[in-house]
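Note that the numbering runs from 1 along the sequence shown for the chain. Heavy atoms only: backbone and side chains are in, while hydrogens, waters and symmetry mates are out.
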Amino acid sequence: MNRKRRTWLLNQTLTAMLFFVLSIYIFFTTIQSWASSKPTKPIRPNILLPPISPNASSSSSSSMRVKVYLYDDLPTKFTYGVVEHFWTAHGFADVAKSTLQKLKYPSHQHSLEWHLLLDLTRPENERTGSPVDRVMDPNEADLFYVPFFSSLSWVVSRTHFANGSGQVKKYSDSETQEELVTWLEAQEYWKRNKGRDHVLVCQNPNALNRVMDRIKNAVLLVSDLGRVRPDHSSLVKDVVVPDSHRISAYNGDVGVEDRKTLLFFMGNRFHKGVGEVSEFLFQVLENEEDVIMKHGAPSQINQSFASQGMHSSKFCLDPAGSMSASCRLFDAIVSMCVPVIVSDIIELPFENVIDYRKIAIFLDPTSAVKQGFLVTMLKNVTTERILEYQRELKLVKRYFEYKDPNGTVNEVWRQVSQKLPLIKLMISCDRRLATTHVSEPDCSACLCSNQSGIVTT
């Protein structure tokens, strides 16, 4: 048997082993979670895994929780230093000169990196119900969290600002990325397992793009897999996370009495390279009765208008844009405005917990842009069906609230924790294969692109 044939058979065997182990783990995790919850009422069909109460006792054995080590010795230039550069670039020198403890992280849609660091550095008695324990000894850790503000670093790099001499100075995200990975590759625990047990946030699709070849073994927290190369990231090893919603959440109850508008959209009409869908939808919808289509970039005034529009509409349009799932989708969810997602291929956060068919309508772009099709379809959705969507939205919207004690942050950690069996398997494979000089297995090819497969009717 030649060398290529042996390598091919080995890769096929590893793929089969991977899916077998994951299937067994998911099966027993689901059974144990269901048994421990002991519900007095039937489990709702849209929740595939029962939610963990924010008041649940941490005595659920912290030894059972995944242990995370925070690289708190990471140089501040990769964390608070990035925040300081941001405020300096925007002309707030007084904020930039504040002490590190007083530096305010700027509000933007890719803020998971800030919330995870905030979570790990708060007192343990405030982390009740968390799926992970922070440990101070790296030898006890299952996973290692690298708190680099990668998304904010990219944002800062897009902004010019003046230095003391009045000359234009530019922050270099590329240089910062290179310096970060150089620092990481010098760490004992990164070298030990080739970074497989490390977690990095690259929520902005451009974050860490320069060094992706060197960090691709790590668990990556991403907003959009469609913008990352398949050999760098996949649903198998990484976690799709939600953007922070930009408008205020709707705190009312289910109902359509105060939702007079049929369909609402506010956002950019044109998107570079992928703007055709949005533009065609504008053309067929902007003159329709009971439909609001408004072009506008994010701003405080526009956010107020969007909040009012989403809170008073039955359906909210979410066409494919520069990202497969934009913060507009999460705005709609927390507004209890039924999302109408127009996209062929999309990855959504927490799909092993949330059945999105219960909270959203999916349409392929070809059907959606036909004159009169979308409005006619939505007008035929009964009031009772809209109320069903809203009830489900009310149940799951906590997953998209970063400030909820049992919201986005806890669910992200839960999703990361579920990767641990796979991580251990890949580490074991690496150690065994190292002596045979066989190329390291690449799990990213194990899963096809997540096509929605929706047939429009």
### Query
Just checking, any donor-acceptor pair under 3.5 angstrom between side chains of Tyr171 and Ser153?
yes
### Cationic tip of Arg259 above Tyr250 ring, under 6.0 Å, 45° of axis
yes
### Query
When you check the side-chain N and O atoms of Gln109 and Asn204, is any donor under 3.5 Å from an acceptor?
no
### Message
Can you confirm if the aromatic rings of Trp183 and Tyr71 lie within a centre distance of less than 6.0 Å?
### Response
yes
### Message
What I'd like to find out is whether the side chain of Phe330 reaches to under 4.5 Å of the side chain of Ser335, using heavy atoms alone.
### Response
no
### Message
In the structure I gave you, are the side-chain heavy atoms of Arg127 and Arg122 within less than 4.5 Å of one another anywhere?
### Response
yes
### Message
If the threshold is 4.0 Å, N to carboxylate O, is there a salt bridge linking Glu411 and Arg414?
### Response
yes
### Message
Whether Glu178 and Arg214 form a salt bridge (side-chain N of Lys/Arg under 4.0 Å from carboxylate O of Asp/Glu) is what I want to check.
### Response
yes
### Query
Would a 4.5 Å heavy-atom cut-off, applied to side chains only, mark His110 and Pro205 as touching?
yes
### Message
Taking the basic N atoms (NZ, or NE/NH1/NH2) and the acidic carboxylate oxygens, is any pair closer than 4.0 Å for Glu351 and Lys358?
### Response
no
### Task
Identify the two heavy atoms, one from Asn410 and one from Pro131, that lie closest to each other, and give their separation to 0.1 Å.
O-CG, 3.3 Å
### Query
Are Met310 and Val334 close enough that some pair of their side-chain heavy atoms sits under 4.5 Å apart?
no
### Message
Strictly below 4.0 Å, N to O, side chains only: are Arg65 and Asp142 in salt-bridge contact?
### Response
no
### Task
Compare every heavy atom of Leu200 with every heavy atom of Trp190, then report the nearest pair and how far apart it is.
CZ3-CD1, 4.3 Å
### Query
Do Asp243 and Arg328 sit within salt-bridge range, that is, some charged N less than 4.0 Å from a carboxylate O?
no
### Task
To the nearest 0.5 Å, tell me how far Leu70 CG sits from Leu117 CG.
6.0 Å
### N-O pairing of Arg246 and Asp331 below 4.0 Å
no
### Query
Is there a donor-acceptor contact under 3.5 Å linking the side chains of Asn139 and Tyr69?
no
### Task
List the atom of Thr79, the atom of Pro147, and the distance in Å for their closest heavy-atom pair.
CG2-O, 3.0 Å
### Task
Find out whether Arg431 and Asn193 are in side-chain contact, i.e. whether some heavy atom of one side chain is under 4.5 Å from a heavy atom of the other.
yes
### Flag side-chain contact, heavy atom, 4.5 Å: Val201 against His115
no
### Query
Taking side chain as C-beta onward, heavy atoms only, is Leu116 less than 4.5 Å from Val199?
no
### Message
Counting C-beta onward and ignoring hydrogens, is there a side-chain heavy-atom pair between Leu220 and Ile215 closer than 4.5 Å?
### Response
yes
#### Entry: Arg385 NZ/CZ over Tyr389 ring centroid, <6.0 Å and within 45° of normal
yes
### Task
Compute the centroid of each ring, for Trp154 and then for Phe149, and state whether the two points are separated by less than 6.0 Å.
no
### Message
Please tell me whether Asp253 and Gln390 have a donor and an acceptor in their side chains that are separated by less than 3.5 angstrom.
### Response
no
### Message
Take a 6.0 Å sphere around CG of Asp258 and say whether it holds more than 12 heavy atoms from other residues, nucleotides or ligands.
### Response
no
